[in-house]
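All of these numbers come straight from a predicted model, not from anything done at the bench. We use all heavy atoms of the structure for the numbers below, so side chains are in, but hydrogens, waters and symmetry mates are not.
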Amino acid sequence: MASFALHAAFLIAALATPLPAQDSPLVRQQNPAPVRPPSEGDVLVVDGVPISGDEYARWMLDLFGSRMSKRFAEQWLVRQTAAARGVELPPNAVDERMDAEIAERIRGAFLGKREGWLAELERLESSEGGYRRRRGVELEPDLIATELCKLDRVVPEELIVRDWEHFYGPDGREYTLSGIKIAVEVVMPRDKPSREEYEQARTRAFAEQLARATAVRERLLDGADFAQLAREVSDDALTREQGGRFSGQFRPPGWHELFVKTLATVPVGEISQPIYAKGGYWIVKIENVVVTPLESVRESLRQRLIELGPESFEVAATWSAIVKDMKVEILPAMYESPSSSPEDHKPVIGMLINGQPVERAQFALWLLHSRGEHYARDFAEHYLVEREAASRGVQVSEAELDARLAEHQQWLIERGYKGSREAWKQQLEVQGRDEAGWVREWRRRKRIDLLAEKLMLSERRVDDEALREHFERAYGERGQWVETRLLLVAVEPPHLGEKTTREELEQRLVEARDAALAKTRGLRQRLLDGEDFATLARAESSDEASKLQGGRMAGRFRPDQWPEDVAKAVLALEPGQISEPLDTGRGLALFEVLSVRAVEFESVKDELRNEILNERIPQGDLAGYRNVLFKRAQMQVRPDMYK
């Protein structure tokens, strides 16, 4: 596997030169040079324009330098530790492991057809060269950590015991079994039963089948032939035709722990009590037991585990020990020009890992190899947006960018961290990032968003048909200004345990919604009985935006901001009426209409036009716009991306 030094020469030279200002566009607007043909060191061609490795690497540093620094640092420390201890991978170790992985993928997923795997890579906008480079960057440190783990390895006792029980049965006891299964099937009385109905049906089914299993056991104790009875009554298709005899020796994987433990209490030749496992009650007969003491096979098991090498959790422990208390500091020089003259071409120190200097070019090359092809499309989209904006004279001011970035940051903190800036910064620290790196990344992203937004807005046209459609969405088909109050009852999320099944989760979600619906109906009845809506909303509503105002919603009711069935129900109410409980997606809601007045289309026409022209474009539409630009262009990933 080629080392990181392979392309370091051109990256060191390129990244030692002064970097452009952070918000300089990818497209040069003044005195653009004629498009040159691709040459050595170019990693992309976007719509005929070659993109050099250093230009692409600088873009990646801005967007991913902060978020990927921790992962890079961990791999760097693993390599440093290996070098210090004289550990080297065998020649071609990475390629051999990768070839084996690819062969297994082709065999298992594509029936041995290599072209199927290549087609999958193409669908994922990847190539074989890009995949091998990316996977190699991931595999190499993992394999190095495995070799480091071998140096001081003591085979864990738990692995020896695990293999002993795997090869010789639980506690070294290999059972020959016969069994009769009485299946338990819970039949529901209706499609969506209540929790109580489900529990009743379940209890009844288990009781009935336990009684049946007990009766079968009594027949066996009275002298009935086990094999014949198994053929008559067992519900297990795999063993029924063999008279209940299990094929080969019994193996615990897949069986309930209680079933396995019970076997040890049943003497050879005896019949067990009914034991529940795998969807039914089992009556088991122990035909034979072979006991193998652990000490008699310990050494052979240990040698086998040594030959197989460390397991993933052992390697993970070695990795964790190496990176424990790791400290990563990204230096300003990672993004800025060095203090020395660019003609010196001196390596720039971009970060410190546990106080040790790391060159910016080394990190940039790692980004290029590990993520370069994956993010090539993102780069191309950014490039094409900036080119389109430059050609049409569209610009973004620093003030606009500052405002949009601050808005996004505040939204993220409020949504994900309950408004706590400190909690957000702590999470960045856990991820190995800092606020400066986050700002750098998102400043670039928001600049592209703003440019795309302005380009889309410049193309937006408003005709009478669009105004009419917007009028109906905003004021309803009848053109009404409706003022309302809201009382929202949230559906409380159910508590989930470690062993909660999908069926249990679905049942708890139904119960939570039923509980919210029952509460909402009770509140509606209290309102109909004369209680004050505002007082009840302040006490019971889950809508923080309106509860302090007694549920009164700011401005008018906007049909276009609610589910269609909710909007129709509210617009059908007369002043003073209270809606039935309505599912808003955020919870169950009661609306009271305070007033209704007609709105003439002509009186709000200008307002509607301004709304349409200035309406914030959703992120999904911005992504769609970038995608349109990308589809119109052509992008080629050059082999230099992988060297």
With a cut-off of 6.0 Å (strictly less than), are more than 12 heavy atoms of other residues, nucleotides or ligands near NZ of Lys261? no
Rounded to the nearest 0.5 Å, what separates atom OG in Ser126 from atom CZ in Arg135? 13.0 Å
Taking atom types as modelled and ignoring hydrogens, do the side chains of Ser370 and Arg134 form a donor-acceptor contact shorter than 3.5 angstrom? no
Worked verdict on Trp366 versus Met68 for side-chain contact (heavy atoms from CB on, under 4.5 Å): CA-CA 10 Å; Trp366 179 85; Met68 297 302 299; 3.7 Å; yes
Looking only at atom types and distance, does a side-chain atom of Lys446 sit under 3.5 Å from a main-chain N or O of Ala406, one as donor and one as acceptor? no
Does either side chain, that of Ser66 or that of Glu441, offer a donor lying less than 3.5 Å from an acceptor on the other one? no
Do Met334 and Phe363 come close enough that some side-chain heavy atom pair is under 4.5 Å? yes
Residues in ring pair (Phe, Tyr, Trp, His ring centres under 6.0 Å) contact with Trp117, at least two apart in sequence or another chain: Tyr131
Give a yes or no on whether the backbone of Ser39 and the side-chain of Arg638 come within a donor-acceptor separation of less than 3.5 Å. yes
Assess whether a salt bridge exists between Arg114 and Glu128, defined as any Lys/Arg side-chain N lying under 4.0 Å from an Asp/Glu carboxylate O. yes
Does this structure show an ion pair linking Asp62 with Arg440, if we count only N-O contacts that are shorter than 4.0 Å? yes
Aromatic rings Phe259 and Phe250: how do their planes relate, parallel, tilted or perpendicular, breaks at 30° and 60°? tilted
Non-hydrogen side-chain atoms of Leu294 and Ile160 separated by less than 4.5 Å: yes
Starting from the C-alpha separation in whole Å, work towards a yes-or-no answer on side-chain contact (heavy atoms from CB on, under 4.5 Å) for Tyr168 and Arg173. CA-CA 6 Å; Tyr168 301 102; Arg173 300 165 65 89; over 6 Å; no
Show the nearest heavy-atom pair for residues Pro347 and Glu359, with the distance to one decimal. CB-CD, 3.6 Å
Closer than 4.0 angstrom, basic N to acidic O: yes or no for Asp54 and Arg58? yes
Using side-chain heavy atoms (C-beta onward) and a distance below 4.5 Å, is Leu352 in contact with Pro357? yes
Crowding at CZ, Arg251 (>12 non-hydrogen neighbours, <6.0 Å): yes
For the pair Glu329 and Asp434, evaluate side-chain contact (heavy atoms from CB on, under 4.5 Å) and give the outcome as yes or no after the intermediate values. CA-CA 9 Å; Glu329 181 183 358; Asp434 59 16; over 6 Å; no
Is there a side-chain contact between His382 and Leu63 (heavy atoms, below 4.5 Å)? yes
Presence of salt bridge, Asp449 and Arg626, under 4.0 angstrom: yes
For residues Gln426 and Glu422, is any side-chain donor paired with an opposing acceptor at under 3.5 Å? no
Tell me if the CD atom of Glu257 is crowded by more than 12 foreign heavy atoms within 6.0 Å. no
Can you list the steps and then say if Glu453 with Arg404 is a salt bridge (Lys or Arg N to Asp or Glu O under 4.0 Å)? CA-CA 12 Å; Glu453 190 174 295; Arg404 184 62 61 88; 3.1 Å; yes
Nearest heavy-atom contact between Ala333 and Ile349 is CB-O, 3.5 Å
Going from CH2 on Trp319 to CG on Leu148, what distance comes out if it is rounded to the nearest 0.5 angstrom? 10.0 Å
Arg304/Glu307 ion pair, N-O < 4.0 Å: no
Heavy-atom side-chain proximity of Val155 to Ile306 below 4.5 angstrom: yes
Distance, nearest 0.5 Å, that separates CE of Met98 from CD of Glu101: 7.5 Å
With side chains defined as the heavy atoms from C-beta onward, is the minimum distance between Met641 and Leu368 less than 4.5 Å? yes
Are the side chain of Tyr56 and the backbone of Gly372 linked by a donor-acceptor contact shorter than 3.5 Å? yes
Validation row, ring centre Tyr375 to ring centre Trp59 under 6.0 Å: no
Would a distance-only check, ignoring hydrogens and angles, find a side-chain to backbone donor-acceptor pair under 3.5 Å from Arg133 to Tyr642? yes
Rounded to the nearest 0.5 Å, how far does CD1 of Ile322 lie from CD of Gln75? 12.0 Å
Hey, is Lys454 close enough to Glu400 for a salt bridge, meaning N to O under 4.0 Å? yes
Do Lys150 and Thr318 have side chains that get closer than 4.5 Å, going by heavy atoms? no
Assess whether a salt bridge exists between Arg71 and Glu74, defined as any Lys/Arg side-chain N lying under 4.0 Å from an Asp/Glu carboxylate O. yes
Any donor-acceptor pair under 3.5 Å from Glu165 side chain to Asp171 backbone: yes
Is the number of heavy atoms from other residues, nucleotides or ligands within 6.0 Å of CD (Gln356) greater than 12? yes
side-chain contact (heavy atoms from CB on, under 4.5 Å) assessment of Phe313 paired with Leu159: CA-CA 11 Å; Phe313 77 91; Leu159 295 185; 3.8 Å; yes
Backbone N or O of Trp424 within a donor-acceptor pair of the Gln427 side chain at under 3.5 Å? no
What is the distance from atom CG of Leu118 to atom CD1 of Ile102, rounded to the nearest 0.5 Å? 9.0 Å
Let's go through Arg377 and Glu381 carefully: what are the C-alpha distance in whole Å and the side-chain angles of both, what is the deciding distance for salt bridge (Lys or Arg N to Asp or Glu O under 4.0 Å) to 0.1 Å, and is it a yes or a no? CA-CA 6 Å; Arg377 175 174 176 149; Glu381 289 183 357; 3.0 Å; yes
Short question: side chain of Thr146, backbone of Asp142 - any donor-acceptor pair under 3.5 Å? yes
Any side-chain donor-acceptor pair under 3.5 Å between Gln409 and Trp442? no
Passes salt bridge (Lys or Arg N to Asp or Glu O under 4.0 Å), Glu157 versus Arg162? Steps please. CA-CA 8 Å; Glu157 179 71 8; Arg162 180 201 66 189; over 6 Å; no
Using 4.0 Å as the upper bound for N to carboxylate O, is an ion pair formed by Arg632 and Glu388? no
Do the side-chain N and O atoms of Ser300 and Gln303 include a donor-acceptor pair separated by under 3.5 angstrom? no
Are any non-hydrogen side-chain atoms of Val315 and Glu147 less than 4.5 angstrom apart? no
Using only atom types and a distance under 3.5 Å, with no angle test, would you say the side chain of Asp640 pairs donor to acceptor with the backbone of Val43? no
Let me know which of Ile353, Leu367, Val328 forms a side chain to side chain contact (heavy atoms under 4.5 Å, CB included) with Phe72. Ile353
Verify, without hydrogens or angle tests, whether Asp47 (side chain) and Gln634 (backbone) share a donor-acceptor contact under 3.5 angstrom. yes
dist Asp95:CG -> Glu140:CD (nearest 0.5 Å) comes out at 10.5 Å
List the steps and the verdict of salt bridge (Lys or Arg N to Asp or Glu O under 4.0 Å) for Asp378 and Arg371. CA-CA 11 Å; Asp378 288 20; Arg371 301 292 187 276; over 6 Å; no
Any sub-3.5 Å donor-acceptor pair from Trp164's side-chain atoms to Gly169's backbone N or O? no
